[in-house]
Amino acid sequence: MSGGTFLGMPAFPEAAAAAVRDTRLRGNLRHATGTIRAKRAQAVAELPDWAGLRAAGAAIKDRTLRHLDHYLERLEEAVTAAGGTVHWAADAAEANRIVTQLVRATGESEVVKVKSMATQEIGLNQALEAAGIRAYETDLAELIVQLGDDLPSHILVPAIHRNRGEIRDIFRSEMGRWGRPAPEDLSEEPAELAEAARLHLREKFLRAKVGISGANFMVAETGTLVVVESEGNGRMCLTLPETLISVVGIEKVVPSWRDLEVFLQLLPRSSTAERMNPYTSMWTGAADAEGADGPRDFHLVLLDNGRTDALADAVGRQALRCIRCSACLNVCPVYERAGGHAYGSAYPGPIGAILTPQLRGTATELDASLPYASSLCGACYEVCPVAIDIPQVLVHLRERVVEGGEATVRGRRTTIRPARGHAAERAAMRAARWVFEHPAALRAGQRLASRTRRLHPRRLPGPGRAWTASRELPEVPAESFRDWWLRERGNGSGGRKGREDQTDQTGQAEQTERAGRAEGGGDR
């Protein structure tokens, strides 16, 4: 991985096609996402004001994003006043350089890490390794991924694609190379696996002088950072090391503690289906007294890396509301079958399909394919605790991929070229637009299609083959609706009887439409 890009990754359709043939992977994903999905639904149903909390979360995020410059400056002032140091990183390379220099300044060659999406995004572990610094992941799932020389495949449960037998085998074969080895007779019982990881990590915690974290939230009014987690490893990384370096995306800031209260209700229920997180760690600046808990030296690296470009997009900026709960992954039929690796990003699933192309652009074949990694069923929007309309953003990004147009890239307004491979689609849409704008041509085309309908294939050739590989073309009727109307109702003058029939049919159509809306609500 380099700068958040999984090197050598094909476009999503090719990667997903390979993933769905892995029956063990699909079984692991189906079991895990189904379990999380059911538990989350129960946890959310307990709150009668969930819809209000969801609306409040979205409103707070939108207000913060509108005034992001103000709140970030306020955050910097508060962190500095509390004894911390703030660094600004425009992109992944600058963030990696800052962190590497800070670790080198301590003279240490090892660091312990809290699970962090931002550091995965920028490829920090690889950058540290290139500088001779070894980073140890301490989250259990991240540890499994690291020991297995693997990549995360889920936001909340990075090793969701592994079952207990695979985890046991990884621990047995790899733990000894990284530190304390696993017991020879280690079984696949969860308690034994957790105990092996605890003993392995304990020596890392007690030896480490430098910790690296992300943050779920940053409170601008006091400069406080917040990490929520379920294992206690975060608490160890945040309090034991002498130096703490936190790499956080600029969108994670919230104005006040009162705003934080809303998200501490939304996040645990949407992510782990818990009423509250077992461990909610908060720290403000550096420890100011001998013997006090916390690091003596605290550095906050505020990461942009494409976020201000996304902020400039009136439709796409809602992706920056994301609080990384992963609820959208657990309901997505595409993710459940393809898994997270197919997305080629630290951010898999529906949120990754809209966030990654905005952070990285759509210049590569992989990134241009991500907005199409969805059925547009809308399930992701329904469960999102901050009401991100992911289907809307997906369609918006598809338009950008096909048509190109103006977008903000590295802070500058730029006209981007359409992605390659969509020339036929653009030509077809332009031809369709011309036909619909010329009624005579549309009428002639409909009549020609009706008269030649027995010659129509059931499968399309060429580029259309992919569409008809899983569906048949609908049969063309013997005549168009326009021709039927003219034959049955005349040329439109109709007389009184024709007008009455037309009025009755219009009324019936309206009643049918109203009944359909009342019963089914319509597609999103």
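Both backbone and side-chain heavy atoms feed into the values below; hydrogens, waters and symmetry mates do not.
For CD of Glu365, the number of neighbouring non-hydrogen atoms (other residues, nucleotides, ligands) closer than 6.0 Å is 12 at most. Remark: Arg412 CZ is loosely packed, at most 12 non-hydrogen atoms of other residues, nucleotides or ligands lying under 6.0 Å away. Remark: His67 NE2 is packed, more than 12 non-hydrogen atoms of other residues, nucleotides or ligands lying under 6.0 Å away.
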Inset, instruction - Check the pair Glu166, Arg24 against salt bridge (charged side-chain N to carboxylate O under 4.0 Å, His left out), reporting the backbone distance first and the verdict last. - result: CA-CA 11 Å; Glu166 293 174 288; Arg24 182 166 62 177; 3.3 Å; yes

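Looking only at distances, a side-chain donor or acceptor of Asp139 sits under 3.5 Å from a matching main-chain atom of Glu142. Using modelled atom types, one side-chain atom of Glu192 and one backbone atom of Ser187 make a donor-acceptor pair closer than 3.5 Å. Of the possible polar contacts, none joining the Glu137 side chain to the Leu147 backbone as a donor-acceptor pair under 3.5 Å is found. Of the possible polar contacts, none joining the Lys115 side chain to the Leu140 backbone as a donor-acceptor pair under 3.5 Å is found.
For the residue pair Tyr279 / Glu231, no side-chain donor-acceptor distance below 3.5 Å is found, with atom types taken as modelled. Side-chain N/O atoms of Ser271 and Ser326 include no donor and acceptor closer than 3.5 Å. Under 3.5 Å, the side chains of His161 and Asp22 contain no donor-acceptor pair of N or O atoms. For the residue pair Thr138 / Lys204, no side-chain donor-acceptor distance below 3.5 Å is found, with atom types taken as modelled.
In this structure, Arg54 satisfies the cation-pi test against Tyr381, with its NZ or CZ atom closer than 6.0 Å to the six-membered ring centre and inside 45 degrees of the ring normal.
A heavy-atom distance below 4.5 Å is found between the side chains of Asn305 and Glu121. With contacts defined as side-chain heavy-atom distances shorter than 4.5 Å, the pair Tyr343/Val334 qualifies. Residues Leu201 and Met236 have side chains not in contact (no heavy-atom distance under 4.5 Å, counting atoms from C-beta outward). Between Arg360 and Ser345 there is a side-chain heavy-atom pair separated by less than 4.5 Å. The shortest distance between side-chain heavy atoms of Leu370 and Asp367 falls below 4.5 Å.
Within the structure, every pair that satisfies the salt bridge (charged side-chain N to carboxylate O under 4.0 Å, His left out) test and touches residues 63-89, not counting sequence neighbours, is listed here: Arg63-Asp259. Annotation: salt bridge (charged side-chain N to carboxylate O under 4.0 Å, His left out) contacts involving residues 265-275, sequence neighbours excluded, comprise Glu46-Arg269, Glu46-Arg275. Screening residues 327-338 for salt bridge (charged side-chain N to carboxylate O under 4.0 Å, His left out), with sequence neighbours left out, gives Arg37-Glu336.
Applying side chain to side chain contact (heavy atoms under 4.5 Å, CB included) to Phe217 and the options Leu225, Val253, Thr224, Leu260 leaves one that passes, Leu260.
Minimum heavy-atom separation, Ser213 to Val114: CB-CG2, 3.8 Å.
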